[in-house]
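Step one of this worksheet: look at the structure below.
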Amino acid sequence: MRPSCQLALAGLLVFSLIPSQLCQMHAVNETNFWHIEPLINTMLNAKYTERFQDANVLLTFRLVGIKSQRLEQQLSGQIKEDINSREMELTSGELALDILALGACENQDREFIRGAHLVSKLGVKFQAEIQNMEAHGGNPLTNYYQLSLALLALCLFNGHYSITSVTYYFTPENKNYYFEDQFSVDTGAMAVLALTCVRRDTQRKMGASTQRKISGYIASLANKIQAEGKQGLLGNVFSTGEAMQALFVSSDYYKNERNCRETLRTVFDNISQGVFYLPIAAAQILPALMGKTYLDVISPSCGHNPVKFNVSTEKPDMATPTTAPLNILVKYSVRINTTSHTQVTVRKGSVFLDVMKAAQEKNEALFRFTVEETSWGPFVTSVQGISASSKDRTYWKLLSNGQPLTQGAGSHVVQNGDNLEVRWSKY
Ligand code: CBY
């Protein structure tokens with residue numbers, strides 16, 4: 001072989017080895033570590049009195065190899081306690097996240113998973129989701145994000161799932177990937193991760209045609225995720241982390257260095273603006289920035305990290321915002337079939353929820369509402385006594401100036417003159 005040919009071949013070899021890792025390699029290193037420090041501090045300094053923030057944060061800490069014995073012990077203890085006290089009420093996705101977090105990177109919590117038979121219990125919950133779809137027009141008990149989390153955990157931890165059900169229910173055309181005709185990037189991303197695990201599952205003897213089918217689903221979902229790409233984000237800023245993970249394992253998107261750099265720049269920008277101030281938001285974006293995916297929880301390199309973390313345990317100097325005692329005026333309406341309007345005055349810097357409270361005080365009959373705490377903050381469960389129902393796929397959608405919010409009622413800051421609305425909707 002001529003030397004030039006050898007050179008070309010060597011080049012080709014290097015090229016074919018590296019690209020799939022490209023974005024993962026360009027992700028965070030010692031020099032740009034400061035970009036992600038706020039995320040780590042957010043997670044380290046949160047209070048964790050609410051049980052549901054625990055699992056996502058513990059999973060991320062272990063996966064990316066941040067060592068904080070104090071927090072690990074606290075979170076793992078809280079999760080186990082929660083499982084012991086309300087195992088029956090846990091949804092499929094909650095239990096799946098608990099298993100992923102407890103089982104991430106070989107550690108002694110795996111003994112708890114075995115002892116409490118968590119994986120087979122998750123199998124039962126997954127089956128119940130499928131039975132509900134069979135009985136109720138294709139609607140699961142929860143949603144496809146959770147079903148995908150459940151499938152992912154079952155697949156990674158050798159649980160039982162029916163491959164026939166998977167090929168039947170996870171087709172990219174399934175309506176559960178959509179909320180009112182809008183493809184849910186978060187949901188698609190989690191499904192890609194789960195299906196990729198299923199495709200790689202060597203313990204399972206799968207016919208070539210099934211294998212082909214699943215590969216087709218993965219490719220199609222990855223395309224849908226890419227189609228939602230805009231200005232460096234995939235979907236919105238909160239779905240981008242998990243979407244990156246999905247594309248790392250399923251597509252060439254991040255083999256293109258420009259795509260990689262664009263996403264990182266946009267995400268770093270948002271971090272510096274404090275957009276990921278909720279622990280769960282920080283937990284969901286960080287693994288991808290460190291080049292990790294949830295599929296790595298069982299890999300021997302899980303938790304290994306070339307970057308030396310210099311994790312400070314001190315609380316960061318939070319600049320307390322000087323609350324100027326300025327008032328703003330906003331419009332607020334509740335739309336069912338007809339619309340009820342009002343105008344309220346709230347403090348500058350108020351969030352959507354404050355507006356709802358002010359309206360409720362003005363007119364209890366029209367504007368009363370209830371909320372339920374979730375890891376993403378308060379979720380509006382009812383307005384005027386009309387309750388959202390996952391069974392009927394109904395919910396109260398939040399909008400500002402006609403556009404759906406990308407944050408919950410407790411996070412979205414309103415501006416003077418905004419036209420805010422809660423709208424009875426179907427997804
Ligand atoms: N987690 C889940 O089950 C949630 C899955 C999720 C896809 C989630 C987004 C993604 C994630 N990464 O966690 C999801 N939302 C779902 C499934 C839903 C539906 C819940 C149905 C059900 N019964 O399970 C539903 C009703 C369609 C829904 N989300 C509604 C809303 C709106 C809430 C309004 C209200 N009534 O309070 C809202 C505010 C959209 C709107 N304009 O009305 C909304 N969701 C938002 C903005 C979000 C994002 C939160 C971002 C933030 N910073 O607050 C989200 C990350 C998330 C949570 N929803 Co939903 C999506 C995004 O913007 N990228 C598993 C469990 C174990 O934890």
Side-chain angles (χ1 to χ4, degrees), residues 42 50 179-182 184-186 230-231 233 235-240 266 269-282 318-389 393-427:
T42 295
E50 304 288 0
F179 297 141
E180 296 178 271
D181 295 336
Q182 173 66 49
S184 163
V185 171
D186 313 67
K230 43 204 158 233
Q231 288 137 30
L233 299 178
N236 66 25
V237 68
F238 302 108
S239 52
T240 298
T266 313
D269 224 45
N270 277 281
I271 296 175
S272 68
Q273 289 168 34
V275 169
F276 297 96
Y277 76 96
L278 291 173
I280 190 167
M318 288 290 229
T320 31
T322 42
T323 36
L326 266 178
N327 286 336
I328 56 173
L329 185 67
V330 298
K331 295 192 192 105
Y332 175 68
S333 54
V334 169
R335 177 158 137 192
I336 307 169
N337 288 323
T338 57
T339 310
S340 319
H341 298 278
T342 189
Q343 282 206 0
V344 295
T345 304
V346 290
R347 281 291 178 87
K348 189 168 187 273
S350 291
V351 293
F352 198 98
L353 195 70
D354 298 321
V355 173
M356 295 181 75
K357 284 180 187 158
Q360 177 173 249
E361 259 167 45
K362 264 182 107 170
N363 188 334
E364 171 92 23
L366 281 183
F367 299 120
R368 79 200 138 100
F369 68 96
T370 56
V371 296
E372 199 181 282
E373 268 315 311
T374 77
S375 42
W376 289 98
F379 177 86
V380 178
T381 43
S382 81
V383 180
Q384 269 183 35
I386 303 173
S387 296
S389 149
R393 288 172 64 88
T394 50
Y395 77 115
W396 285 99
K397 184 177 186 169
L398 315 181
L399 303 102
S400 172
N401 304 320
Q403 292 302 312
L405 302 191
T406 57
Q407 287 181 302
S411 300
H412 179 83
V413 177
V414 300
Q415 308 292 338
N416 191 34
D418 274 354
N419 202 340
L420 307 163
E421 181 185 328
V422 295
R423 189 184 293 173
W424 181 240
S425 307
K426 233 174 146 48
Y427 59 88

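No hydrogens, no waters, no symmetry mates; every other heavy atom, side chains included, goes into these values.
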Derivation of the side chain to side chain contact (heavy atoms under 4.5 Å, CB included) call for Val351 and His412: CA-CA 5 Å; Val351 293; His412 179 83; 5.8 Å; no
Kindly indicate whether the side chain of [X], heavy atoms from C-beta on, has any atom under 4.5 Å from the side chain of [Y].
X	Y	answer
Val383	Trp424	no
Leu353	Val371	yes
Ile386	Ile336	yes

Is the side chain of [X] donor-acceptor paired with the backbone N or O of [Y] at a distance under 3.5 Å, no angle test?
X	Y	value
Gln360	Phe369	yes
Glu421	Ser333	no
Asn270	Thr266	yes
Thr370	Ser382	yes
Thr240	Leu233	no
Asp418	Leu420	no

Heavy-atom closest contact (Leu399 atom, Phe352 atom, distance): O-CE1, 3.6 Å
Test of ring centre spacing under 6.0 Å for Phe367 and Tyr332: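 Between Tyr332 and Phe367, which both carry aromatic rings, the centre distance is below 6.0 Å.
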CD (Glu364) with more than 12 external heavy atoms under 6.0 Å: yes
The single option from Lys426, Arg393, Lys397 passing side chain to side chain donor-acceptor pair (under 3.5 Å) against Glu180: Lys397
